[in-house]
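Values below: every heavy atom of this structure, side chains too, minus hydrogens, waters and symmetry copies.
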Amino acid sequence: MAENGKSATEKVPAVANPLSEQPSEIASNINYHAQFSPHFSPFKFEPEQAFFATAESVRDRLVKQWNETFLHYHKVDPKQTYYLSMEYLQGRALTNAIGNLDIQNAYAEALNKLGHELEEIAEQEKDAALGNGGLGRLASCFLDSMATLNLPAWGYGLRYKYGLFKQLITKQGQEEIAEDWLEKFSPWEVVRHDIVFPVRFFGSIEINPDGSRKWVGGEVVQALAYDVPIPGYKTKNTISLRLWEAKARAEDFNLFQFNDGQYESAAQLHSRAQQICAVLYPGDATEDGKLLRLKQQFFLCSASLQDIILRFKERRSGKGSWKWSEFPSKVAVQLNDTHPTLAIPELMRLLLDDERLGWDEAWDVTTRTIAYTNHTVLPEALEKWSQPVMWKLLPRHMEIIEEIDKRFLAMINATRPDLEHKLPTMRVLDHNPQKPVVRMANLCVVSAHTVNGVAQLHSDILKAELFADYVSIWPTKFQNKTNGITPRRWLRFCSPELSNIITKWLKTDQWATNLDLLSGLREFADNADFQDEWASAKMANKQRLAQYILRVTGVSIDPNSLFDIQVKRIHEYKRQLLNILGAIYRYKKLKEMSPELRKNTTSRTIMIGGKAFATYTNAKRIVKLVNDVGAVVNNDPEVNSYLKKPVVLHNTFVSYALLFSKATSGIDVVFVPNYNVSVAEMLIPGSELSQHISTAGMEASGTSNMKFALNGCLIIGTLDGANVEIREEIGEENFFLFGARADEVPQLRKDRENG
């Protein structure tokens, strides 16, 4: 390819055409970046070099739209949403960017001129390792949707160097190694050397003669901004995901110690700063682990709020006098789960200590600015931080939290004496002498102007159970916002065959921004031509998936078998264990059958994927079990009578029924390694049955269920999370209902406990 690529690049002049939509000029612009924005040795233009040059070419366009968007909002000064999240699961950016900019065909043609295929170049991109599960993917879908809706929005997160982990599957089960997405560099991010804020840890409180307080001493690291552009679909609006990196300054490096041979202590602060953004969710079994997690959370909150306040002030400058009471009419801060809860005491501290507001004014501004999204009813996931650890790391914030708690108690005693007996569980601080903690969810509910759940069932459970006592105080504070997904990434771009068929039959591509239009397909449901096209699109996706599975696992799967898929974080409540026990049962039943009976069963390939948290022993045992079951089942000739060889259909428009008549009975079990957004984009379009079988009442929403449904996949699921609403939308007859309902679960648990 190198020779071929080199000769092709020689034919294309290396000329900057940053905004062109003509394939030949785009090819020149890509070649220009390969030569004049070099990251590799000269004269190399293999797929990897081609990817970086292509990404930089696309970035040229994004930067122009980005700057125009920034300038527009600076002038118009609308109210702006700031989304704070510990996770963003972005996926690859190249296909999404050229798709949203509506220039994918021009880029495909341009790369052909340079001797490359767009698909191959897109494959070179590593997923940004900034998230793990639905929480992070929701954040990324929100950014895409807000950009598409032309909303003035901004995401804030941390720039994790090594992510959560890259999952390897060995004989021992799951092994974790560091993600390498930044091993070279990310072509999408722009470092903003002028956007740097100090973030303090530890230290003490200084009380001034006038009674005001100041947090001093301790260690101070610098938060440096890296911006990633988020383009909207077919719009010029391009918003930002701002990621913070922690650094120490040159003056924090002790040259005297270094020259004295004390190398480690000379760079102590540099090394501590690097730890902050090294890993997503570092292990917190030790005191140091807990401190590091708390540092990460505070680092995100403090840097983001300092930035938000600075921007608010910049937009006020030159506009005459202004008051802090205007802040909530220009700024909305949304907390994605309890991880960014420290934004509440940090905003209070900045207003009280730096801006010198009184408590009542600062509290009014804070409570009108901050809103909270709850993502879980699982007690272990509702964060509770040790009070001694908090006093050590954030002494001023603990003073503020104590005051919030004290005033909440006083308010209840004065206005709701009937709730006094409930105060021990409702208050922010739990003073249990064995384990005094700060309850982060309680702090959010007490301080935020709005609290939302992420699916109707989940929001109902929050109001009826978890936060019931607060609902009686603030009945209008609680609402539901069912999670959603972006139809661009999760259908338009990841399944072009199906997407083209939908556009053809609906005679419009407007469904990509208005999914209600998909109901127009109902009138064609019984049309034989439509069914054939739909089936062939599904088969093309299954072929692609079968080839991917062969490449990453070495297992050949039959594209004519039923593809039965469960992909999500490995967790006991998500019940991957139940799924694999079902597979074992199916295998045993097949073994008991006569060969004649076996021929009448539907051949099935069961795929399970997801990461188990590194310290979550039971989840890792489930991963090992799935792989061990696969090793037995896939090598048993009795239940695997077809040839272990992938089928490649060149003419994809073949009748689905015809293909299935060739299927032989059998079962395959495959664990799909290192599940991430790009793997999901391969699995979901090829799925026919997907499993969403969490114990009812446990899954807040789930969003992969929506992605599978959008790709014409049937769901077997419990009445949990968003499954409830999907079933209402698609009709009960199109949903395989399974398991107990949320209101039946407590009694069932009781019955089991009583034997």
A.B. asks: Using 4.0 Å as the upper bound for N to carboxylate O, is an ion pair formed by Lys574 and Glu699?
C.D. replies: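 Lys574 and Glu699: salt-bridged.
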
A.B. asks: Among Val471, Asn480, Val451, which residue meets the side chain to side chain contact (heavy atoms under 4.5 Å, CB included) test with Lys463?
C.D. replies: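 Result: among Val471, Asn480, Val451, Val471 is the only option passing the side chain to side chain contact (heavy atoms under 4.5 Å, CB included) with Lys463.
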
A.B. asks: Applying side chain to side chain donor-acceptor pair (under 3.5 Å), can you list everything that pairs with Asn527, at least two apart in sequence or on another chain?
C.D. replies: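 Here no residue qualifies.
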
A.B. asks: Distance to the ring centre below 6.0 angstrom and angle to the axis at most 45 degrees; does that hold for Lys477 and Tyr470?
C.D. replies: no

A.B. asks: Let me see the working for Phe708 and His692 under ring-ring contact (aromatic ring centres under 6.0 Å, His included), right down to the final yes or no.
C.D. replies: CA-CA 10 Å; Phe708 281 104; His692 305 273; 5.5 Å; yes

A.B. asks: For a quick test of reading the model, state the closest non-hydrogen atom pair linking Ile715 to Asn705 and the distance between them.
C.D. replies: CD1-O, 3.6 Å

A.B. asks: Could you label the plane-to-plane angle of the Tyr281 and His339 rings as parallel, tilted or perpendicular, counting under 30° as parallel and over 60° as perpendicular?
C.D. replies: tilted

A.B. asks: Begin from the C-alpha positions of Asn100 and Arg488 and carry the test side-chain contact (heavy atoms from CB on, under 4.5 Å) through to its verdict.
C.D. replies: CA-CA 8 Å; Asn100 277 359; Arg488 274 78 58 188; 3.8 Å; yes

A.B. asks: Give the ring-plane orientation class for Phe467 versus Phe478, where under 30° counts as parallel, over 60° as perpendicular and anything between as tilted.
C.D. replies: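 It falls in the tilted class, 30° to 60°.
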
A.B. asks: Just do the salt bridge (charged side-chain N to carboxylate O under 4.0 Å, His left out) check on Glu123 and Arg551 with the steps written out, would you?
C.D. replies: CA-CA 13 Å; Glu123 283 283 312; Arg551 193 169 84 235; 3.6 Å; yes

A.B. asks: What's the verdict on side-chain contact (heavy atoms from CB on, under 4.5 Å) for Thr605 and Asp564, showing C-alpha distance, side-chain angles and the deciding distance?
C.D. replies: CA-CA 6 Å; Thr605 300; Asp564 170 349; over 6 Å; no

A.B. asks: Could you tell me whether Phe736 atom CZ has more than 12 heavy atoms of other residues or ligands within 6.0 Å of it?
C.D. replies: no

A.B. asks: Run the side-chain contact (heavy atoms from CB on, under 4.5 Å) check on Asn723 and Leu719 step by step: do they pass?
C.D. replies: CA-CA 6 Å; Asn723 280 359; Leu719 277 183; 5.7 Å; no

A.B. asks: Salt bridge between Glu753 and Lys750, side-chain N to carboxylate O under 4.0 Å?
C.D. replies: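 Salt bridge absent between Glu753 and Lys750.
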
A.B. asks: Roughly how far, to the nearest 0.5 Å, is the CD1 atom of Ile667 from the CG atom of Asn634?
C.D. replies: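 Between Asn634 CG and Ile667 CD1, I get 9.0 Å after rounding to 0.5 Å.
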
A.B. asks: Should we say atom CZ of Arg544 is surrounded by more than 12 heavy atoms from elsewhere, each under 6.0 Å from it?
C.D. replies: yes

A.B. asks: Under a 3.5 Å threshold, yes or no: a donor from one side chain and an acceptor from the other, between Ser495 and Asn541?
C.D. replies: yes

A.B. asks: Can you confirm whether the side chains of Glu681 and Trp490 place a donor and an acceptor under 3.5 Å from each other?
C.D. replies: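 Their side chains do not contain a donor-acceptor pair, so the 3.5 Å distance test is not met.
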
A.B. asks: Kindly state each residue pair satisfying salt bridge (Lys or Arg N to Asp or Glu O under 4.0 Å) with at least one member in residues 506-528, sequence neighbours excluded.
C.D. replies: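 As it turns out, the salt bridge (Lys or Arg N to Asp or Glu O under 4.0 Å) pairs with a partner in residues 506-528, which skip direct neighbours, are Lys234-Asp509.
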
